[in-house]
2 protein chains.
Amino acid sequence: MTEIEAVRGEELSQALVGLAHHVLHLFNDIGRGYDLTAQQTELVCAVIVRGRVRMGDLGKIMHLEKSNLSGLVDRAEKRGLIVRARDPKDRRVTWVELTEEGHSVAMRTHGDVTERLRRLVGELPAEDRRSLTTVVERLATA
Amino acid sequence: MTEIEAVRGEELSQALVGLAHHVLHLFNDIGRGYDLTAQQTELVCAVIVRGRVRMGDLGKIMHLEKSNLSGLVDRAEKRGLIVRARDPKDRRVTWVELTEEGHSVAMRTHGDVTERLRRLVGELPAEDRRSLTTVVERLATA
DNA sequence: TATTGTTATACTCTATAACTATA
DNA sequence: TATAGTTATAGAGTATAACAATA
């Protein structure tokens with residue numbers, strides 16, 4: 001690796017970290033308007049795009065230990081945003097679903113998040129946007 | 001906006017969130033090997049690439065409120081990783097610097113993080129990597 | 001008056017391990 | 001035995017506001 005490539009690698013690293021903060025901070029910014037924490041906001045957004053989700057899958061999506069997720073879901077349930085439902089076929093499994101209020105909040109927060117991301121990405125030329133989509137999806141599935 | 005573009009926008013949003021988690025979770029994974037939390041790991045990495053940093057700038061870099069940063073720096077200082085230094089020219093300003101131990105830890109964790117990011121990005125074809133670099137840097141400065 | 005940073009409080013989040021229930 | 005999820009505990013991180021020191 002040449003020195004120039006090393007420096008560019010360094011720049012790319014810092015830029016990726018900055019981008020990551022920017023993206024996850026959106027849940028914070030947007031959640032505040034609904035008196036939700038960043039994690040609660042991401043929780044309802046993650047549920048609404050999937051309809052209902054197993055606890056285990058939610059943990060993977062949000063990079064949370066199962067015990068941490070239990071607490072997060074407890075608090076969201078107390079707030080009336082979601083409910084737990086046992087799976088009748090495999091009673092070890094718990095599904096997370098939105099309440100009516102949770103659905104309403106999730107619709108708006110999720111709309112806000114995607115709008116903000118769209119605006120961020122929309123500032124790019126169309127060709128860059130296409131390559132970003134391709135690249136990010138490839139990374140995300142790697 | 002066509003429906004296809006809307007769906008792709010949705011996919012891009014989810015992929016960006018997944019990528020953001022992946023990137024920030026690196027600080028978690030790597031810090032664990034040195035018995036550091038993710039935030040402590042990012043703290044020493046942020047300091048080492050800049051030599052020394054003002055509290056205010058650190059807050060912007062790490063997306064932290066000044067009060068939260070005070071606590072994080074307190075704990076890192078207790079652990080002997082960093083020290084605070086008053087700026088003699090503007091005594092309101094506090095600079096954060098690494099101790100010898102902090103420098104040693106930061107060298108290794110920062111090396112690990114950039115290596116992991118390089119590996120992640122390195123799985124891409126050269127052309128995608130170039131476009132990602134360009135795009136991410138443009139987003140990060142926007 | 002504005003800026004930089006700290007302190008105080010209450011709450012949320014996180015890591016770890018031990019535990020229960022189901023398969 | 002393995003899997004899905006909960007509980008318990010201690011510590012770390014976070015939001016908010018009030019505060020002190022300096023410019």
Side-chain angles (χ1 to χ4, degrees), chain A residues 20-21 24-44 46-47 52-97, chain B residues 21 24-44 46-47 52-79 81-97:
Chain A
H21 275 299
L24 293 187
H25 205 79
L26 286 180
F27 291 106
N28 198 314
D29 279 354
I30 289 164
R32 178 170 296 128
Y34 301 90
D35 197 29
L36 301 178
T37 65
Q39 287 78 3
Q40 288 171 343
T41 309
E42 190 180 354
L43 171 61
V44 294
V47 177
R52 58 178 201 156
V53 199
R54 292 168 180 226
M55 293 289 287
D57 292 335
L58 257 182
K60 286 170 197 157
I61 293 162
M62 296 183 65
H63 280 244
L64 292 175
E65 292 292 324
K66 55 188 181 178
S67 63
N68 302 335
L69 182 61
S70 274
L72 179 60
V73 167
D74 281 350
R75 291 185 290 276
E77 197 167 24
K78 267 184 199 147
R79 280 212 41 173
L81 298 169
I82 55 101
V83 289
R84 287 169 159 101
R86 274 277 168 75
D87 186 319
K89 293 184 182 170
D90 182 345
R91 293 179 47 76
R92 292 172 305 181
V93 171
T94 297
W95 292 90
V96 176
E97 300 171 1
Chain B
H21 274 299
L24 293 187
H25 204 79
L26 286 180
F27 290 106
N28 198 313
D29 279 353
I30 290 164
R32 179 170 296 128
Y34 301 90
D35 196 30
L36 301 178
T37 65
Q39 286 79 3
Q40 289 170 342
T41 309
E42 190 180 354
L43 171 60
V44 295
V47 177
R52 57 179 201 155
V53 198
R54 294 168 177 225
M55 292 288 287
D57 292 336
L58 257 183
K60 286 170 197 157
I61 293 163
M62 296 183 65
H63 280 244
L64 291 176
E65 292 293 323
K66 54 189 179 177
S67 62
N68 302 335
L69 182 61
S70 275
L72 178 60
V73 168
D74 282 349
R75 292 185 290 275
E77 197 167 24
K78 266 184 200 147
R79 281 212 41 174
L81 298 170
I82 54 99
V83 289
R84 286 169 160 100
R86 274 278 168 73
D87 187 318
K89 292 184 182 169
D90 182 344
R91 293 179 47 74
R92 293 173 304 182
V93 171
T94 297
W95 292 91
V96 176
E97 300 171 1

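Quick note on labels: first sequence line is chain A, next is B, and so on, each numbered from 1.
Look at NZ on A:Lys66: it is 16 Å from P on C:dT22, rounded to the nearest Å. What separates CG of B:Asn68 from P of C:dT14 is a distance of 14 Å, to the nearest Å. For B:Leu64 and D:dT16, the CG to C1' distance is 15 Å, given to the nearest whole Å.
We find that B:Arg84 and B:Asp74 are joined by a salt bridge, their nearest charged nitrogen and carboxylate oxygen being less than 4.0 Å apart.
Within the structure, every side-chain polar atom (N or O) of A:Arg92 is placed at least 4.0 Å from both OP1 and OP2 of D:dA4. Phosphate proximity of C:dC13 to A:Arg75: present, with a side-chain N or O under 4.0 Å from OP1 or OP2. Considering only side-chain N and O atoms, B:Arg84 lies nowhere under 4.0 angstrom from the phosphate OP1 or OP2 of C:dG5.
When each of A:Leu43, A:Ile30, A:Leu81 is checked for a side-chain contact (heavy atoms from CB on, under 4.5 Å) with A:Leu36, only A:Leu81 meets the rule.
A distance-only check finds no donor-acceptor pair linking the side chain of A:Gln40 to the backbone of A:Ala76 [under 3.5 Å].
A:Leu69 comes within contact range of no nucleotide atom at all, as no heavy-atom separation falls under 4.0 Å. Residue A:Thr94 is in sugar-phosphate contact alone, with no base atom involved, counting any heavy-atom pair closer than 4.0 Å across all strands shown. Among the protein residues, B:Arg86 comes within range of no part of the nucleic acid, since none of its heavy atoms lies under 4.0 Å from any strand. Among the atoms of the strands shown, only primed sugar atoms or phosphate atoms (P, OP1, OP2) are found under 4.0 Å from some heavy atom of B:Thr37. Using a 4.0 Å heavy-atom distance criterion, B:Asp35 is classed as making no nucleic acid contact.
For A:Ser70, the listed nucleotide lying nearest its side chain is D:dT7; candidates were D:dT7, C:dT16, D:dA4.
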task = Starting from the C-alpha separation in whole Å, work towards a yes-or-no answer on side-chain contact (heavy atoms from CB on, under 4.5 Å) for A:Asp87 and A:Thr94.
result = CA-CA 6 Å; A:Asp87 186 319; A:Thr94 297; over 6 Å; no
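Side-chain to base pairing of B:Ser67 with D:dT14: no donor and acceptor N or O lie closer than 3.5 Å to each other.
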